[in-house]
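Note that this is a predicted model, so its numbers are computed, not measured. Every chain is numbered from 1, with letters handed out A, B, ... down the list of sequences.
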There are 2 protein chains.
Amino acid sequence: MSSSGDSMAQADDKGASGDTSVSRDTGTLGKLMVLLDLVTHADAPLRFTDILALANQPRGTLHRQLGHLVEEGLLEFDAEGRYAPGLRLLDFASRSWARNEFRLIAAPHLAALHRETGETVHLGVLRGSSIIYLDKVEGHQPVRMYSQIGNASPCYCTGVGKAALSVLPLDKIEELLPGLHFNRFTSATHVSAESLLAEIGEIAATGHAFDREEHEAGIRCVAAPIWSDDRSFIGGVSVTGPAYRLSMELLQEWAVPVQMTARKIMDEMRIRLGPRR
Amino acid sequence: MSSSGDSMAQADDKGASGDTSVSRDTGTLGKLMVLLDLVTHADAPLRFTDILALANQPRGTLHRQLGHLVEEGLLEFDAEGRYAPGLRLLDFASRSWARNEFRLIAAPHLAALHRETGETVHLGVLRGSSIIYLDKVEGHQPVRMYSQIGNASPCYCTGVGKAALSVLPLDKIEELLPGLHFNRFTSATHVSAESLLAEIGEIAATGHAFDREEHEAGIRCVAAPIWSDDRSFIGGVSVTGPAYRLSMELLQEWAVPVQMTARKIMDEMRIRLGPRR
DNA sequence: AATTAAGTTCCAAATAATGGAATAATTAGC
DNA sequence: GCTAATTATTCCATTATTTGGAACTTAATT
């Protein structure tokens, strides 16, 4: 289950799922989503009291909320009286994924990049301060789907994330920075806005980003940003592999095909989805 | 994207996502989930007015509800002013899938069954009147994950679904039947409760179910049920392939290894999750 | 059997959702 | 380029739901 060259560790960072600090004004739904987030982000099923401690809400309220989430299939309530993520989420997600236009457009280009490099290719989009991985092309062994696809990872320590930030308008970056919780995954992880911003400047100049074992030790990658003209949509494509096989020199060479792949995807998006957005 | 031997057509049946008729008492959440269902089950992004017609709710109400869903990332609002499933659903789902204990226990057994038969192996669970596919082991080509995993298909026309029904207590079947909308996918699809119940009786006797091109023309499968002692959990495992390669005689032979696989998974569940449930 | 902890139910007060109509923004027709 | 039609958004008094504290029930522990 482990072993495979893969830069996407579980997103255990607090800021991973976007805006944790800023509470949205979505009324009842917002409160329920916080709960759903809490349970799905835990690494084991939670008992009522565990959730009570984490959510600091009155018992009665929490009880009803969890009951509603369970009744809707968003959470499961197991025989041991613990709450776990529900399977209805899978049904929703499969439709979201199957119909995603960006992914459909990118798929053949990802396959071509994989053939060219022989290493794992990823496609991701920026959502809040997280990168959500939309697709993955791997050589050997059937993909353990869902193991990575759909995962939200922080933007400040992934190739795709930093590439995405490099095309994000400055005001949007400013908005985003205070919400980031820099989590030192490895010794190379950015832990300050200053060092991150400095690198983003370089990335904007060269058009490609490296992950120098910043998220997971022994894993490197090279990525290029993908964006719509008005920057309302931002993502990226990357080639990832183990450091022993991918020297920084090799990654530097691959920057060209990765950027070309990004360009081809952008060109096709303009044709298929119209130029404005 | 098509071609591969695969019995899981998109679940375009009205009853596919469970209890459409029975409105749950989940307050505000329930109303929002109906909307989310509506948008994710459509086969293209919907405009405000489209949803207005489908949801029959007052304009103001609908507008706010959609706004909340978008703000939470459960829906996306594109540049053309249309609503589509949101990517946050993927993040939720990836955690639901990665942590699902049933899937984790079954995985090695599915792989073994695949090696033995050389055909596609599926794992599914019963949720309401739908089968949600949890895993898939395929020979060639990396899995297009999410293309099938997570899909909800009707129980009355899939091997896993009928196998699951064969171990469902009679009172639960009675509850479920009136909510079924029999959709004739092929000439072999069950279109009445009577014929379905008759077959379920046979399946209960033999311990395995066949899909004789009932969901998709040219696709056959053999399946066996998987259940917890108290029947609170019900699912199934199947081997699926194209009819030209899988004669009914061959499927009959495979019934044995499929049932053995189901048994092994159940045995391990009893050990790992305790015998009661 | 008594004690403690965990989980569930209840209901008046606080809060959020509803729905109808008015307004604003697009799009299509001339 | 203007007008009419369609489509989308905002507003706010009314209505319904959620909230939160406490009382109650059930299960686990000594």
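Rounding to whole angstrom units, CZ of residue B:Phe48 and P of D:dT9 are separated by 7 Å. At whole-Å resolution of the value, CZ in B:Arg82 and P in D:dA8 are 11 Å apart. If you measure from atom CZ of A:Arg64 to atom C1' of C:dA14, you get 13 Å, rounded to the nearest angstrom. At whole-Å resolution of the value, CG in A:Leu35 and C1' in D:dT18 are 13 Å apart.
Taking the six-membered ring where tryptophan is involved, the planes of B:Phe77 and B:Tyr83 are tilted, since the angle between them lies from 30° to 60°.
Using a distance-only test at 3.5 Å, with no hydrogens or angles considered, a donor-acceptor pair links the side chain of A:Arg103 to the main chain of A:Trp97. When atom types are taken as modelled, the side chain of B:Arg270 and the backbone of B:Asp229 share no donor-acceptor pair closer than 3.5 angstrom.
The two residues A:Pro45 and A:Arg82 come nearest to each other via the heavy atoms CB-CB, 3.7 Å. Closest approach of A:Ser166 to A:Ile200, counting heavy atoms only: CA-CG2, 3.7 Å.
Listed nucleotides C:dT8, D:dG20, C:dG19 differ in distance to A:Phe77; the shortest reach to its side chain belongs to C:dT8. With D:dA8, C:dA16, D:dT9 as the choices, the nucleotide that has an atom nearest any side-chain atom of B:Thr49 turns out to be D:dA8. With C:dA17, C:dG19, C:dA16 as the candidates, the nucleotide lying closest to the side chain of B:Gln57 is C:dG19. Checking D:dT9, C:dT18, D:dT18 against the side-chain heavy atoms of B:Tyr83 singles out D:dT9 as nearest.
Each of B:Thr61 and B:Asp50 has a nearest nucleotide on DNA chain D; the 5'-most of these lies closest to B:Asp50. Each of A:Arg47 and A:Leu29 has a nearest nucleotide on DNA chain C; the 5'-most of these lies closest to A:Arg47.
Taking side-chain N and O atoms only, A:Lys31 has no distance below 4.0 Å to OP1 or OP2 of C:dT15. Taking side-chain N and O atoms only, A:Thr28 has a distance below 4.0 Å to OP1 or OP2 of C:dA17. Considering only side-chain N and O atoms, A:His63 lies nowhere under 4.0 angstrom from the phosphate OP1 or OP2 of C:dG7.
Within the 4.0 angstrom heavy-atom criterion, base atoms lie near A:Arg59.
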